[in-house]
Amino acid sequence: DLLLSEVKNIMSEKGINAFLLEVLENNTSAIELYKKHGFSIRRKFNCYKLSEVSGKGRSIDYGISGNLEIEGKIEDYCSFEPSWQNAYESYKNMKQHYNLFRWEKKGSLIGYAIIHKYNGNIMQIGIDPAYRSFEVLSIIINDLFSHTHRPELKYLNVEEGCEMDSLLKGVNQKIIIRQYEMIYKK
């Protein structure tokens, strides 16, 4: 109680209007404490442990490149607003720790993935709406395993109910954690 009260005091002093946090869905005591202090659930995230997808062929040509800017609006490729730590701005601030892979068809970007070089955590997977399908997502997942040589990949903080969440479930990826994004607004 004391810590959250102090955080709210500091917010007032500094003119900060909102505070965002994440909490595991099964941490009911923390959720109740945050609610008691005026936080509300903004949205729910699923966190996935990815596995290779069997039986999927290749129908797209792609080029893989690292640390490359994405042309156009990133929002056009993501089917949900990434959490603060998975936002494109976070990637740009820490590029040296990430690889950006691009998939193209006839020279046009149809999908991308941003993945941490060392731990295999995926920051974002974006797919052009015209190409969003189980097949394209399967190719991206399998290529990430092939080109990162990681035994395990995780895609954290996928907004529950969004198109990417449905696609991941549709290619039999496993949810390992569920959590809430909670917000306090003055």
From [X] atom [atom1] to [Y] atom [atom2], the distance as rounded to the nearest 0.5 Å:
| X | Y | atom1 | atom2 | value |
| --- | --- | --- | --- | --- |
| Lys95 | Ser90 | NZ | OG | 13.0 Å |
| Leu168 | Cys162 | CG | SG | 8.0 Å |
| Lys154 | Leu50 | NZ | CG | 10.5 Å |
| Ile114 | Tyr91 | CD1 | OH | 6.0 Å |
| Leu144 | Ile115 | CG | CD1 | 5.0 Å |
| Ser83 | Arg42 | OG | CZ | 10.0 Å |

Scan the side chains in residues 27-35 for donor-acceptor partners under 3.5 Å anywhere in the protein, sequence neighbours excluded, and list what turns up.
residue	atom	partner	partner atom	Å
Asn27	OD1	Ser29	OG	3.4
Asn27	OD1	Ala30	N	3.3

Applying the 4.5 Å side-chain criterion to the ILVMFWY set and letting contacts propagate, would [X] and [Y] be lumped into a single cluster?
| X | Y | result |
| --- | --- | --- |
| Ile141 | Val136 | yes |
| Phe45 | Tyr88 | no |
| Leu21 | Leu156 | no |
| Trp103 | Val171 | yes |

Exercise for the section: Give a yes or no answer on whether the side chain of Asp165 reaches the backbone of Val158 with a donor-acceptor pair at less than 3.5 Å. Expected result: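 Checked: no pair found.
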Exercise for the section: Would you confirm whether Asn86, through its side chain, and Pro82, through its main-chain N or O, come within 3.5 Å as a donor-acceptor pair? Expected result: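 No, the answer is negative, given that no donor and acceptor are paired below the 3.5 Å cut-off.
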Nearest heavy atoms of [X] and [Y], plus distance in Å:
| X | Y | result |
| --- | --- | --- |
| Lys185 | Ala18 | CG-CB, 4.2 Å |
| Tyr48 | Ile175 | CE2-CG1, 3.4 Å |
| His37 | Leu4 | CD2-CD1, 3.7 Å |

When clusters are formed from ILVMFWY side-chain contacts under 4.5 Å, directly or step by step, what else is grouped with [X]?
| X | answer |
| --- | --- |
| Tyr118 | none |
| Leu24 | Ile176, Ile177 |
| Ile183 | Leu20, Trp84 |

Problem - Residues forming a ring pair (Phe, Tyr, Trp, His ring centres under 6.0 Å) with Phe80, sequence neighbours excluded - result: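 Ring pair (Phe, Tyr, Trp, His ring centres under 6.0 Å) check on Phe80 returns nothing, list empty.
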Problem - By ring pair (Phe, Tyr, Trp, His ring centres under 6.0 Å) - contacts of Tyr184 (at least two apart) - result: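 By the ring pair (Phe, Tyr, Trp, His ring centres under 6.0 Å) rule, Tyr184 matches Phe39.
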Handout entry: side-chain contact (heavy atoms from CB on, under 4.5 Å) evaluation trace for Met182 with Ser40
Key = CA-CA 5 Å; Met182 298 185 76; Ser40 61; 6.0 Å; no
Excluding sequence neighbours, so at least two apart, what forms side-chain contact (heavy atoms from CB on, under 4.5 Å) with [X]?
| X | value |
| --- | --- |
| Asp128 | Tyr77, Ala130, Tyr131 |
| Arg132 | Ser79, Ile127, Pro129, Glu163, Leu167 |
| Ser51 | Gln173 |
| Ser166 | none |

Problem - Residue pairs, two or more places apart or on separate chains, that pass salt bridge (Lys or Arg N to Asp or Glu O under 4.0 Å) and touch residues 6-28 - result: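 Listed by first then second residue: Glu25-Lys44.
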Practice task
Can you sort out the partners of Glu159 under side chain to side chain donor-acceptor pair (under 3.5 Å), two or more places apart, ordered by chain and number?
Solution key: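 Here the qualifying residues are Arg43.
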Practice task
List the steps and the verdict of side-chain hydrogen bond (donor to acceptor under 3.5 Å, both in side chains) for Asn157 and Gln179.
Solution key: CA-CA 8 Å; Asn157 295 346; Gln179 59 185 8; 2.5 Å; yes
Exercise for the section: Please work out which of the three classes, parallel, tilted or perpendicular, describes the rings of His147 and Phe101, given edges at 30° and 60°. Expected result: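 The arrangement is tilted - the two ring planes meet at 30° to 60°.
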